[in-house]
Every structure is written in structure tokens, then in C-alpha cells.
Amino acid sequence: MQETGQVTTSGHERLNLRTRAELAILGGFVSSIATAIIAIAISAFGISQQYSVFVGLANLFGISGSGTDAGLWGFALFFVVGIVWGFIFAFGFREYTMMEGLALGTIQLIVTGFLMSLVQIPQLSGTLLTLPLSTVLALLVGLAVGSLTWGAAMAYTAIEYVKSNQPPH
Amino acid sequence: MLPRLPLEYAVLIILVFVAVFVVHFVRRAYRQPVRTEPKQLVQAPIRDVKMYDFVQRIYHWVLFLTLGIMLLTGLSLYVPGVFSSWLIPFGISDAAGELFWHTTMVWVLLGLLVIHIVWDLAAVKEWGNIWFRVKDIKDVFARGRNFFGRSKEYPRPGKYDIFMKTLHWGFALSLVVLGITGIFLWNPYGIFPGINASTDSLFRILHDIFTFLFLGLIMGHIYFSVIPANWKLTRAMFTGSVTKEAYEEEYNPERYPLPGSQKKEPEKKQEKMKSEAKS
């Protein structure tokens, strides 16, 4: 374990396994916070279709209900899923650029869109394939802003991690 | 009608904080004063200096999230209806839902505080960095005079300067008051004896006052983290470290030494004896 104040003397430009795992957890978590703030802002300002994102996530995972219990489970799952995506970024990508982060955010959007095309969230009157086009577009815009925010935040954290693990001048 | 802090007082508390930030922003956000104590260069062949370990960073961000939810749900209870659309993503649609989230997060907060106290005191031994020193008091006057243009003196602090330490202990005091009053008002599982009406009123008012003081401190913490002058230090809450250049520029190595550069006690005693013998 590194103690506070300890000097980072890593001579590897690339991150080792432990540092990548650390990046995956911390980056995944912090990026999920950024996305949660976006979800709240979207709801607060009514930019997109208003539906309970965290309740919807719980429903996608088979937890029924639309109240606070489902919301709490969905909120916890949201961060678990965010950290899983963090591992995918930390171990599946090589360069840790902003483009890679946004690419992963786009993949998230596609996966979410795919799931919402198959499974109907109880709060919505249909799946993405059966809802009116205007509703689908509003949902997708909200999801896209959230996913790309996640990708950008993850990439920023990774870029700073790489910088702080480069060899001394 | 339950007794609460009148809304205008709550707004006043927040406006006082905002006024301080505005004055600071105009004076300091893009024009940081030059540190007057001589810079001591780090001789070790390093690029970065570790500030926070993984546990400390995860703790910080989980706390950010927990307190964010508690504030949002608490403010929704204080001003019904104002923040209700913000809580839609959580499936919260009424005061009962807000109270459920507010009180559920208490357990997360308690767990986090236990981790914080144990880890920072026992594992990474941060007490010496966060507790007040006499030199901090001198720094207040020096930095105050500098801020108002009365002096050029601007010292280099330890890991946390006097304002950061005050912020930390302000958080701690607020959480203690909020915790005690909140737990009594909530009374989970009926474990506390009933309180009389006047104590209940006092606790509600105190809970509200310290909520807004706490909110002001959080706003200050976020403000000082995001102003451009402090980006180089804010980075450490993501990566855990600051650059060697930032360390040399911002800190006094005698007050926040690099590991390995600290002399052991016997060496210190020997040096002291030598200097006494010379004099």
C-alpha cells in the first residue's frame, strides 16, 4: 500500500495492472457521479422525456416497482454498472484518449438502446421500437448526453492517471 | 406547523457565503500572489508526489455523492415542491420518499465516517497534517494582510493550509450537530427517549441552521476546487498525486515533508545538541 505523501517513482509509461484496476474503480465511480448529475439536471430542467432513470435501470435488472425501493436499488446498480464499464475502459482500451472515452460512451448508448428496445420499462408505454418517434428521440438525446458525459469523464481521469504515472523528467 | 428556520434567514446565510466567494474571485481567481518563502527544490528523481491514497479518494467521492443526496432530499423536505422534479430519477414523488432516502443515506454516511477516522488516523496518519499548529495562526494574519494589499508576505503552508483545516473542522462540527439533532428528530426504531416540544423546536432550528452553514462550506469547497489557480491541486483528488513542480511551488517541505527526507528523532537530537554546543 502506498502511504500518503509517498513518492510516485513508476518508470513505466503504461499503467500496471493494479493502477489500471484503481483507475477502473475510481474513474468508473467518478464518471457515474457526473452522469448522475446530468440525469438529475435533465430531469430538473425538463430537457428530455422525464422518467425515473434509476428506477428504470432497476426494472431492466428485473427489480419490479416504481417507488423509492426500486429507485434505491437502481441507484446502487447504476454505480456498479459504471464501475464495470470502468474496467472495460481500463483493460480494453490502450491509448486512453478522449476519443476512446467518447467511443465507449457511444457503445454504452447502443447497449442501453438495445436493452430498451427489447425490454419495456414499466414507466414507459412501450419499448424504443413501439413508442412514438418524438418520445424515442427525446429519450435517446437524454441517454446520449449521459453516456457521452460518462465517457468524457472516464477519459479525463485516465489521461490524468497516465500523466501522473509517466517516468521522471 | 413544525418550527423551521425562516427561509429568508437560510437565504441570508447562503448569500454571505456567496459574497465571500465573489470578493475572493475578483481578487484571486486568476492572480495568485507570489509565495515569499524561498522555494526548496525536490532533489529526488520523481515526477509526481503522492497526496491521497486510493481509499482516501474513493472515500471523498462516495462522501460527495452521499452528502449530495442528503442535501437534495433535505432541501426538498425544507422547501416542499421546489426540488421535486430533481428527484424524479430516483423514483421519489412525495415527502415520504424524500425522508426514506434522507434517512437511508445516514447509514452510508456513518459507515463512511468510521472508515475516514480509522483510515486517516491509523493507516495513513494524517492527524499531524489536519490539526491546527501555532504557525497556522501566524499564516492567517500574513495571508489576511496580503489579501488586503497590506503586505507582500505569503507563506508556504503544510499539506493543508489554515483555511482548509478550518473547512475540514467546520464540516466535522456541522456533521456532529446535524447528526445529533437529526437522529433525535428521526429517532430510528424508537431508541431515544421522547424529547419535549421546546427541545424538538430547538433541534429543528439547529438542524436547519447547520444545514445551510454546511451547504455554504460545501459551496466554498467546490468553488476553491474549480478555480483555475487550484486545478493543479484538484487533480490529486482524481489521480492521487500532484506534480513535483506544484509541490515545490505550493508547499513548505519543512511543514509537509516528502517521505525519506524526514530526519529520524535521534538524528534531530544529535543536530540539536551540536548546534547548542556551537552556540
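Just so we're on the same page: letters track the sequence lines, and every chain starts at 1.
No side-chain heavy atom of A:Val55 sits less than 4.5 Å from a side-chain heavy atom of B:Phe90. Between B:Arg235 and A:Ser164 there is a side-chain heavy-atom pair separated by less than 4.5 Å. The closest side-chain heavy-atom distance from B:Pro89 to A:Ser43 is below 4.5 Å. At a threshold of 4.5 Å between non-hydrogen side-chain atoms, the residues B:Phe64 and A:Val30 do not count as touching.
Other residues, nucleotides and ligands contribute over 12 non-hydrogen atoms within 6.0 Å of the CZ atom of B:Arg35. In A:Phe114, the CZ atom is not crowded: 12 or fewer heavy atoms of neighbouring residues, nucleotides or ligands sit closer than 6.0 Å. Atom CD of B:Glu254 has 12 or fewer heavy atoms from other residues, nucleotides or ligands within 6.0 Å. Sparse packing is recorded around CH2 of B:Trp86, with 12 or fewer heavy atoms of other residues, nucleotides or ligands lying under 6.0 Å away.
Within the model, atoms CH2 of B:Trp61 and OG of A:Ser31 stand 10.0 Å from one another, a figure rounded to the nearest 0.5 Å. Taken to the nearest 0.5 Å, the OG1 atom of A:Thr68 stands 7.5 Å off from the CG atom of B:Asp94. The CD1 atom of A:Ile159 sits 13.0 Å away from atom OG1 of B:Thr239, with the distance rounded to the nearest 0.5 Å. Separation of atoms CD1 (A:Ile40) and OG (B:Ser85) is listed at 10.5 Å; rounding is to 0.5 Å. To the nearest 0.5 Å, atoms CE (B:Met237) and OG1 (A:Thr157) are separated by 13.0 Å.
B:Asp48 approaches A:Lys163 most closely through the heavy-atom pair OD2-O, 3.9 Å.
With ring centers used as reference points, A:Tyr161 lies 6.0 Å or more from B:Phe238.
Contact of A:Ile37 with chain B is made through the side chain alone, with heavy-atom distances under 4.5 Å. Using a 4.5 Å cut-off between heavy atoms, B:Thr104 contacts chain A through its side chain alone, with no backbone atom that close. For B:Ile69, the part lying near chain A is the side chain, with the backbone staying farther off; criterion is any non-hydrogen pair under 4.5 Å. Residue B:Val55 does not touch chain A at all, counting heavy-atom pairs closer than 4.5 Å.
For the options A:Leu57, A:Leu26, A:Ile33, heavy-atom pairs under 4.5 Å to chain B are most numerous at A:Leu26.
Of residues 75-90 of chain A, those residues lying under 4.5 Å from chain B by any heavy-atom pair are A:Phe75, A:Phe79.
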